[in-house]
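First the structure, in the form of structure tokens, and then the observations on it.
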Amino acid sequence: MKSSKIFEDLFPPPVRVVETRIERVEGPYYPEEERYIADAVPERQREFRTVRVCARRAFRELGHEGAALVPDEKRAPIWPAGVAGSMTHCAGFRAAAVASTNDIRGVGIEPSCMPRYRKKSSTSSCFPRSGRCSKN
């Protein structure tokens, strides 16, 4: 799924990152998520599903099973207990970063969505239990 690594090298080993530049349709799809995007345009439905496929693949790398990732009232995903994560999407790019809360208190990713997705145009942050790291 990783055609070029934008975020993976920016995080310490406890953080798992899955990125894609193509739409992914493999499930499972959760009814809770599908209700959230039922009235969305097809493009929004695809980006919503694909970034969750990325997140669930990252979960598996941590040894977790998949879970529904329903947005809260501010549209941020509600992560399963024991998982800190971040998802991002823009035209032609989807990514998710997750970590166990035993290792990391929080994680964040955000591409500047430049046409070539240069590393210098991406931001990552993580908050390890032992301190703070951030690369911009």
Side-chain angles (χ1 to χ4, degrees):
M1 182 175 277
K2 299 173 194 165
S3 56
S4 71
K5 300 173 185 175
I6 293 174
F7 288 109
E8 184 176 37
D9 296 334
L10 298 177
F11 286 103
V15 179
R16 301 296 188 259
V17 179
V18 175
E19 309 171 10
T20 187
R21 293 178 190 225
I22 61 172
E23 299 301 341
R24 297 292 181 178
V25 295
E26 61 266 26
Y29 298 133
Y30 292 85
E32 306 94 312
E33 294 174 357
E34 292 298 302
R35 281 192 294 273
Y36 188 80
I37 58 169
D39 295 328
V41 297
E43 181 177 341
R44 172 68 179 127
Q45 291 176 351
R46 286 189 301 272
E47 72 185 14
F48 184 95
R49 289 179 183 130
T50 297
V51 77
R52 281 158 177 77
V53 167
C54 292
R56 286 189 263 280
R57 284 186 175 195
F59 284 163
R60 283 195 301 271
E61 291 181 20
L62 290 176
H64 290 275
E65 292 298 317
L69 295 171
V70 178
D72 66 13
E73 65 280 351
K74 294 181 182 178
R75 298 179 52 195
I78 300 170
W79 296 96
V83 175
S86 181
M87 296 187 295
T88 190
H89 51 82
C90 62
F93 182 77
R94 317 283 183 255
V98 301
S100 168
T101 55
N102 291 329
D103 299 320
I104 302 288
R105 290 180 289 171
V107 61
I109 57 175
E110 186 62 38
S112 294
C113 292
M114 302 301 289
R116 296 194 180 170
Y117 306 102
R118 295 180 300 257
K119 283 189 178 188
K120 67 182 180 182
S121 69
S122 300
T123 300
S124 67
S125 299
C126 67
F127 303 96
R129 290 274 176 216
S130 61
R132 179 184 169 134
C133 68
S134 180
K135 296 183 181 183
N136 296 323

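All values below come from the heavy atoms of this structure, side chains included, with hydrogens, waters and symmetry mates left out. Count residues from 1 along the sequence.
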Least distance between heavy atoms, [X] atom then [Y] atom:
| X | Y | result |
| --- | --- | --- |
| Cys54 | Thr20 | SG-CG2, 3.7 Å |
| Ala58 | Val98 | CB-CG2, 3.4 Å |
| Pro14 | Ile104 | CB-CG1, 4.2 Å |
| Glu32 | Arg35 | CA-NH2, 3.5 Å |
| Ala67 | Tyr30 | N-OH, 3.5 Å |
| Leu69 | Met87 | CD1-SD, 4.1 Å |

| query | How would you list, by chain and number, every residue that makes a side chain to side chain contact (heavy atoms under 4.5 Å, CB included) with Tyr29, sequence neighbours excluded? | reply | Val25, Glu34, Arg49
| said: For residues Leu62 and Val51: do they belong to one hydrophobic cluster (side chain heavy atoms under 4.5 Å, members Ile, Leu, Val, Met, Phe, Trp, Tyr)? | reply: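 Same cluster: Leu62 reaches Val51 through Ile, Leu, Val, Met, Phe, Trp or Tyr contacts under 4.5 Å.
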| message | Please say yes or no: joined through hydrophobic side-chain contacts below 4.5 Å, possibly via intermediate residues, are Val107 and Val17 part of one cluster? | response | yes
| Can you check salt bridge (charged side-chain N to carboxylate O under 4.0 Å, His left out) on Arg46 and Glu43, steps first, answer last? | CA-CA 5 Å; Arg46 286 189 301 272; Glu43 181 177 341; 5.1 Å; no
| Short question: side chain of Arg16, backbone of Pro13 - any donor-acceptor pair under 3.5 Å? |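 Checking the backbone N and O of Pro13 against the side chain of Arg16, a donor-acceptor pair under 3.5 Å is found.
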| Is it true that Glu26 and Arg56 make a salt bridge, defined as a side-chain N closer than 4.0 Å to a carboxylate O? | no
| query | Say you draw a straight line from CZ of Arg52 to CD of Glu47; how long is it, rounded to the nearest 0.5 Å? | reply |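 Output value for this atom pair is 9.5 Å.
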| Among Glu23, His89, Glu19, which one satisfies side chain to side chain donor-acceptor pair (under 3.5 Å) with Arg94? | Glu23
| query | Taking C-beta and beyond as the side chain, do Arg24 and Ile22 meet within less than 4.5 Å on heavy atoms? | reply |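 The answer is yes; the side chains approach within 4.5 Å.
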| query | Does anything in residues 72-86 pair up under side-chain hydrogen bond (donor to acceptor under 3.5 Å, both in side chains), and if so which pairs, sequence neighbours excluded? | reply |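 Every candidate side-chain hydrogen bond (donor to acceptor under 3.5 Å, both in side chains) pair involving residues 72-86 fails, so no pair, neighbours aside, qualifies.
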